[in-house]
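Each remark here refers to the structure printed beneath this line.
Throughout, a chain's letter reflects where its sequence line sits, starting with A, and its residues are numbered from 1.
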Amino acid sequence: MTFRLYDTATREVRDFVPLEEGKAGIYVCGLTVQSEPHVGHVRSAVNFDVLRRWLSHSGYAVTLIRNVTDIDDKILAKSAEQSRPWFNLAYEMHARLTEALASINVLPPTYEPGATGHVPEMLELIETLIARGHAYAAEDGSGDVYFDVRSWPSYGELTRQAVDDMESAGDADPRGKRDPRDFALWKGHKKETEPESAAWPSPYGPGRPGWHIECSAMARKYLGPGFDIHGGGVDLRFPHHENEQAQSRAAGQPFASYWMHNAWITTAGEKMSKSLGNSLLVPKVLERVRGVELRFYMVSAHYRSHVEFSFEALEEAAVGYRRLENFLERASAVLGEIPTTGMPCADFVVAMDDDLGTPAAVAAIFDVAREGNKLLEAGDSAALRGTAASVRAMLAVLGLDPADPAWGSAGDDAALTGVVDALVAGLLEQRAEARAAKDYARADVIRDQIKAAGIEVEDTPTGPKWSLSKEH
RNA sequence: GGUGGGUUGGCCGAGAGGCGAGGCAACGGACUGCAAAUCCGUGUACACGGGUUCAAAUCCCGUACCCACCUCCA
């Protein structure tokens, strides 16, 4: 039972063979913190969080590095529009991102380095590239430094493109480039348009890092010259990842063994970055469904499949999730706390080992939950214990354990539950009396009253049971 | 022009030569005072046209439409 994953570089699913037995080093391109995160942005984080959890579950010691790009053209442009320092914008958006990820139970990475904290590492790498003849300072005095694409014969190998077939961007300013496809490692400071705070000293004059170099430098620093998996969204394959690989390998490093790319969440058939308004910002979406339900929606689709976002589909997924949650609640009413040490079922393991087949894995959870519901009815609590623990364990691997403290303040909930229970108990007693007297009209009025307050009452063989309505 | 991906039932969404993943919705049944929850059952789905094969949603050829990337992008 080996973990297999789709490698973008070879375009095939292959066995995961780590560089070091029992360890997995992963680098994921995070966000440019220039605006508030929407559901599309966080999908990537969820996907790699699932990867990380699955590898950990499988016994690997995982090091996950997810960077934050905290200086770039867009951040500078937006902060100028908003008349505030670029670092203030980046800092605030970073905080919003952290909040959004926490709300859908994405574990913090091992470390989250930012570009601005690694300028010396980048300059060192640039120096190496110049010394090896793969980079040059622009001849136009702009202070830019470019990677020399023509000097690296395997340029284009990641995305299988021939340099000559690449369309050179029509609007690109060729400035001091030897070839229009050469890309910036270092961007000379533009005194007229950019704040002084956006410049760092360098041998080529004051300036700021180019986009791609940060990832090469930080991956090198935290994971070493060679590491196992590099991930990000599909759009990053080219140019970003192609360029990273070119830089790092031209500098003499083996770089990533596997490349993983997640597909988009689109809206109305378009990528979300173009979408209008802010209705899909994470906090907005969480007004409609709970964080765990949003996460379930994302995990229900394979990470390499496009998802066409819709609130209808999201809410439908939420209903499905509640079915699993409901099973665990019912089981817990019989068993007490469900053990966290359950074993995932075989189908689940096979699905996850096959390139993180989360859709099939979720289907496997539903199958086990159905078995569990049968055991619940049969009153076989010995068998139920194992089944419920299995469901909980599988959900936990996907970051979807309903009992995970990440979903809310358990302390307050427990206290509130006691209060509500006391209040509802009286009403339920009245309803029981009415039912005993066969006064069903009155019994139903009481039930409707309770329901109007947002509490569902269900009659079970062991008496009535109330629960908070999960409908929003 | 180059590169990659897609089109599956009412909806969402897997699969990748033979056995109808799973969920939601719908319908029928069991249970219930009625519900809810749960269980059981109910479906002639694979963009179109050819072809290969005993057998094609799956492989091949062609067509249509959609999407992404080609140096700002999760």
Side-chain angles (χ1 to χ4, degrees), chain A residues 8 11 28-32 34 37-48 69 72-75 77 147 149 156 159-169 171-172 180-184 210-212 231-240 242-243 261-266 269-274 296-297 300-302 304-308 310 312-321 323-324 326-327 329-330 347 351 357-367 369-370 372-374 376-378 435 438-441 443-444 447 451 456-461 464-465 467:
Chain A
T8 309
R11 288 194 287 185
V28 178
C29 286
L31 282 183
T32 297
Q34 44 130 347
H38 57 237
V39 289
H41 287 133
V42 297
R43 180 187 191 187
S44 181
V46 168
N47 290 145
F48 289 102
T69 299
D72 88 322
D73 295 351
K74 267 195 169 174
I75 292 174
F147 183 86
V149 163
T159 49
R160 305 191 179 211
Q161 299 183 89
V163 175
D164 292 321
D165 290 337
M166 288 176 196
E167 202 174 75
S168 50
D171 58 340
R181 297 158 194 96
D182 289 351
F183 57 90
W211 176 33
H212 319 294
V234 273
D235 55 313
L236 296 180
R237 281 177 309 190
F238 193 90
H240 188 53
E242 187 73 66
N243 291 355
H261 292 100
N262 64 278
W264 296 91
I265 294 187
T266 57
E270 286 195 351
K271 44 193 296 194
M272 215 160 263
S273 52
K274 291 178 188 162
F296 180 78
Y297 173 65
S300 298
H302 188 83
R304 284 192 283 121
S305 294
H306 290 225
V307 170
E308 174 67 20
S310 77
E312 291 71 25
L314 175 63
E315 273 157 11
E316 185 184 279
V319 172
Y321 177 74
R323 187 172 142 77
L324 299 174
N326 198 10
F327 162 64
E329 277 172 17
R330 296 193 328 137
D347 288 350
T358 53
V362 167
I365 302 177
F366 276 104
D367 287 341
R370 175 174 296 107
N373 276 319
K374 281 191 226 176
L376 208 44
E377 292 204 352
R435 291 180 75 205
K438 298 214 189 297
D439 184 356
Y440 295 120
D444 289 350
R447 185 169 61 193
K451 185 172 181 168
E456 304 279 349
V457 172
E458 295 169 27
D459 293 318
T460 73
K465 191 192 124 205
S467 59

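Separation of the P atoms belonging to B/rA45 and B/rG10 is 10 Å when rounded to the nearest angstrom. Only the P atoms considered, B/rG50 is 24 Å distant from B/rU44, to the nearest whole Å. Across the P atoms, B/rA16 and B/rG49 are found 25 Å apart, a figure rounded to whole Å. Spacing between B/rC39 and B/rC24 at atom P, rounded to whole Å, works out to 9 Å. Taking atom P in both B/rG28 and B/rG17, one finds a spacing of 40 Å when rounded to whole Å. Nucleotides B/rG6 and B/rG29, compared at atom C1', are 41 Å apart to the nearest Å. Separation of the C1' atoms belonging to B/rC61 and B/rU53 is 16 Å when rounded to the nearest angstrom. For B/rA56 and B/rC19, the P atoms lie 10 Å apart once the distance is rounded to whole Å.
Between A/Glu458 atom CD and B/rA35 atom P there is a gap of 15 Å when expressed in whole angstrom units. A straight line from CG of A/Leu31 to C1' of B/rC72 spans 14 Å, rounded to a whole angstrom. Atom OH of A/Tyr297 is separated from atom P of B/rG23 by 18 Å (rounded to the nearest Å). Look at CG on A/Leu376: it is 14 Å from P on B/rC40, rounded to the nearest Å. We find that CD of A/Gln161 is positioned 12 Å from C1' of B/rG1, with the value rounded to whole Å. In this entry the distance linking CD of A/Glu377 with C1' of B/rA30 reads 10 Å, nearest Å. For the pair A/Glu308 CD and B/rG13 C1', the interatomic distance rounds to 13 Å; values are reported in whole Å. Remark: P of B/rU38 and CD of A/Glu456 are 12 Å apart, rounded to the nearest angstrom.
Nucleotide B/rU52 has no partner under the Watson-Crick or G-U criteria, as no pair reaches both atom distances under 3.5 Å. Remark: B/rC72 base-pairs with no nucleotide in the shown strands. Criterion, Watson-Crick or G-U wobble with two distances under 3.5 Å. Remark: B/rA21 base-pairs with no nucleotide; criterion is Watson-Crick or G-U wobble with both hydrogen-bond distances under 3.5 Å. B/rC46 is unpaired under the Watson-Crick or G-U wobble criterion, no partner having all donor-acceptor distances under 3.5 Å. Under the Watson-Crick and G-U wobble criteria, each requiring two contacts below 3.5 Å, nucleotide B/rA36 is left unpaired. Partner assigned to B/rG4 is B/rC67, using Watson-Crick or G-U wobble distances below 3.5 angstrom.
Interatomic distance, CD of A/Glu308 versus CD1 of A/Ile265, reported as 10.0 Å (0.5 Å rounding). The CZ atom of A/Arg435 sits 4.0 Å away from atom CG of A/Asp459, with the distance rounded to the nearest 0.5 Å. Here CD of A/Gln161 is found 9.0 Å from CZ of A/Arg237. Values are rounded to the nearest 0.5 Å. Rounding to the nearest 0.5 angstrom, the gap separating the CG atom in A/Asp182 from the CG atom in A/Asn243 is 10.0 Å.
For the pair A/Glu377/A/Lys374, no side-chain contact is recorded, criterion being any heavy-atom separation below 4.5 Å from C-beta on.
As judged by a 4.0 angstrom heavy-atom cut-off over every strand, A/Arg43 is placed among residues making no nucleic acid contact. Within the 4.0 angstrom heavy-atom criterion, only backbone atoms of the sugar-phosphate kind lie near A/Asn373; the bases stay farther away. Residue A/Thr32 is classed as a sugar-phosphate contact, given heavy-atom separations below 4.0 Å to backbone atoms only. Here A/His240 lies out of heavy-atom contact (under 4.0 Å) with every strand. Base contact: A/Val457 has a heavy atom under 4.0 Å from a base atom. Counting any heavy atom pair closer than 4.0 Å across all strands shown, A/Gly156 reaches no nucleic acid atom. Within the nucleic acid shown, A/Asp347 has no heavy atom closer than 4.0 Å to any nucleic acid atom. Counting non-hydrogen atoms under 4.0 angstrom, A/Gly232 reaches the backbone sugars and phosphates but no base. Residue A/Leu236 is in sugar-phosphate contact alone, with no base atom involved, counting any heavy-atom pair closer than 4.0 Å across all strands shown.
Remark: A/Arg11 is in phosphate contact with B/rG4, judged by side-chain N or O atoms under 4.0 Å from OP1 or OP2. In this model, the phosphate group of B/rG15 is not approached by any side-chain N or O of A/Arg304 to a distance below 4.0 Å at OP1 or OP2. For B/rA36, the OP1/OP2 oxygens have no side-chain nitrogen or oxygen of A/Thr460 closer than 4.0 Å. The phosphate of B/rC40 has OP1 or OP2 within less than 4.0 Å of a side-chain N or O from A/Lys374. Listed pair A/Arg160 / B/rG2 fails the phosphate criterion, with no side-chain N or O lying under 4.0 Å from OP1 or OP2. Side-chain nitrogen and oxygen atoms of A/Ser305 include none within less than 4.0 Å of the OP1 or OP2 phosphate oxygen of B/rG13. Not one side-chain nitrogen or oxygen of A/Arg447 sits closer than 4.0 Å to the OP1 or OP2 atom of B/rA36.
When distances run from any side-chain atom of A/Val307 to the nucleotides B/rG13, B/rC34, B/rU71, the shortest one goes to B/rG13. You'll find that the side chain of A/Arg323 is closest to B/rC39, out of B/rC39, B/rA35, B/rC70. Closest to the side chain of A/Pro239, out of B/rU71, B/rG4, B/rA14, is B/rU71. When the nucleotides B/rG4, B/rU3, B/rA74 are ranked by their closest atom to the side chain of A/His38, B/rA74 comes out on top. Looking at the side chain of A/Arg370, the nearest of the listed nucleotides B/rA74, B/rA36, B/rG23 is B/rG23. Here the nucleotide nearest the side chain of A/Glu316, chosen from B/rC12, B/rC39, B/rA36, is B/rC12.
Contact annotation: side chain of A/Lys74 to base of B/rC72, donor-acceptor pair present below 3.5 Å. In the interface, the side chain of A/Asn243 is paired with the base of B/rU71 through a donor and an acceptor atom under 3.5 Å apart. Side-chain atoms of A/Asp235 stay outside donor-acceptor range of the base of B/rC70, with no qualifying N/O pair under 3.5 Å. The base of B/rA37 is not paired with the side chain of A/Arg330 by any donor and acceptor separated by under 3.5 Å.
In this structure, A/Arg43 and A/Ala301 approach most closely via the heavy-atom pair NH2-CB, 4.4 Å. Annotation for A/Ser44 and A/Gly233: closest pair OG-N, 4.4 Å, computed over non-hydrogen atoms. Considering all non-hydrogen atoms of both residues, A/Gly231 and A/Phe48 come closest at CA-CZ, 3.5 Å.
For the residue pair A/Thr32 / A/Gln34, no side-chain donor-acceptor distance below 3.5 Å is found, with atom types taken as modelled.
With RNA chain B read from its 5' end, the first of the two nearest nucleotides for A/Ala360 and A/Asp444 is the one closest to A/Ala360. Heavy-atom distances to RNA chain B give each of A/Phe366 and A/Ala369 a nearest nucleotide, and the one nearer the 5′ end belongs to A/Phe366.
Aromatic ring orientation, A/Phe296 versus A/Tyr321: tilted (interplanar angle from 30° to 60°).
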